[in-house]
Participant: 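Let me begin by handing over the structure; questions about it come next.
Counting starts at 1 for both ligands and their atoms, in listed order. Please read these numbers as outputs of a predicted model, since none were measured by experiment.
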Amino acid sequence: MDVKQLHTPCYVIDRDRLEENLRVLRGVMDHTGCQILLAQKAFSCYAVYPLISQYLCGATASGLFEARLCHEEMPGRENHVFSPAFREEDMPEILSICDHIVFNSIRQLELFGVRAKEAGLQVGLRINPQISTQPAEHAIYDPCAPGSRLGVTLDEFRKAPANLVALLDGLHFHTLCEQNSDDLETTLNGFEEQFREWLPQMKWVNFGGGHHITRADYDIPRLERCIRRMQEQYGLEVYLEPGEAVARNPGYIGRLPHARCD
Ligand SMILES: *Cc1c(COP(=O)(O)O)cnc(C)c1O
């Protein structure tokens, strides 16, 4: 293909570069036995979902439409969904196509948790470990910033009725953005300290996204130590759901290869 012949505007994806990223992610899965999902919010180019499915174990969605995309374009792979608030009218279809659902609040767990379990889904709850690792300029999208309503704090979790906590298969946190594994480790240490007593009763923990795993200076061995600690100390399965790390570098906008969008 001659890139100079393409009409603009267009977005060109270099499959070899994409596959380089996927190989790095697959390496982490193979070394540790963790599960890595594509966060579709960052990259929902379903033309390459068949390729992505060869390396990763599924995808995560931020609502019904992304969940439907995974269901249709990555058939047979894991289909996870998290939303700050699910709507009643979306629930029947979400429950019929997803296999993991993560709620953002005790109230949402109370509203939909039993139904999700009865439909055969694994149920998770997003935690706010209140450990901010992002620079101050990011406060507006830092889920650990004061006033954040993303995730349940330890105080709120302690007040949750036992029958609701008993519904949980896993805990989820997503607090990073384009960060290295030292910040993951800081977050995980705080998460572990706060939620230790409930970890043995869970099946899995999801470290969210924001891990820049495919960047040259990313410390993969430290990430793998974090994963193994959860596996070995608590018998947990570990999920990661990077978006940007999957799609870093393979794209060109327009017809100029030097206009890389990384
Ligand atoms: C945005 C998001 C991700 C992916 O984040 P990246 O920075 O693209 O890796 C993963 N999980 C959740 C809940 C998100 O909101």
Participant: Relative to each other, are the rings of Tyr49 and Tyr46 parallel, tilted or perpendicular (30° and 60° limits)?
Facilitator: perpendicular

Participant: Go through ligand 1 atom by atom and flag the ones less than 4.0 Å from a non-hydrogen atom of Glu244.
Facilitator: 6 (P), 8 (O), 9 (O)

Participant: Find all atoms of ligand 1 within a distance of less than 4.0 Å from any non-hydrogen atom belonging to Ala42, and give their numbers and elements.
Facilitator: 8 (O)

Participant: Using a 4.0 Å heavy-atom cut-off, which part of Glu241 comes near ligand 1: side chain, backbone, both, or neither?
Facilitator: both

Participant: Between His174 and ligand 1, which part of the residue brings a heavy atom under 4.0 Å of the ligand: side chain, backbone, both or neither?
Facilitator: side chain

Participant: In terms of atom number and element, which parts of ligand 1 are under 4.0 angstrom from non-hydrogen atoms of Gly243?
Facilitator: 4 (C), 6 (P), 8 (O), 9 (O)

Participant: Would you call Glu66-Lys41 a salt bridge at under 4.0 Å N-O?
Facilitator: no

Participant: What is the closest protein heavy atom to atom 2 (C) of ligand 1, and at what distance does it sit?
Facilitator: Lys41 NZ, 2.7 Å

Participant: For Pro242, take its heavy atoms, then give the atoms of ligand 1 lying under 4.0 Å from any of them.
Facilitator: 9 (O)

Participant: Hey, what's the ring geometry for His100 with Tyr239, parallel, tilted or perpendicular (30° and 60° as the breaks)?
Facilitator: perpendicular

Participant: Are the charged groups of Glu88 and Arg115 less than 4.0 angstrom apart, N to O?
Facilitator: yes

Participant: What I want to find out is whether Arg15 reaches Glu19 closely enough, with some N-O distance under 4.0 Å, to be called a salt bridge.
Facilitator: no

Participant: I need the atoms of ligand 1 closer than 4.0 Å to a non-hydrogen atom of Ala39, numbered in the order shown.
Facilitator: 3 (C), 4 (C), 10 (C)

Participant: For Phe103 and Phe82, run ring-ring contact (aromatic ring centres under 6.0 Å, His included): C-alpha distance rounded to whole Å, both residues' side-chain angles, the deciding distance at 0.1 Å, then the answer.
Facilitator: CA-CA 6 Å; Phe103 297 108; Phe82 162 80; 9.3 Å; no

Participant: Distance to 0.1 Å, residue and atom name: give those for the protein heavy atom nearest to atom 9 (O) of ligand 1.
Facilitator: Gly210 N, 2.8 Å

Participant: Once the angle between the rings of Phe207 and Phe173 is folded into 0 to 90°, is it parallel (under 30°), tilted (30 to 60°) or perpendicular (over 60°)?
Facilitator: parallel

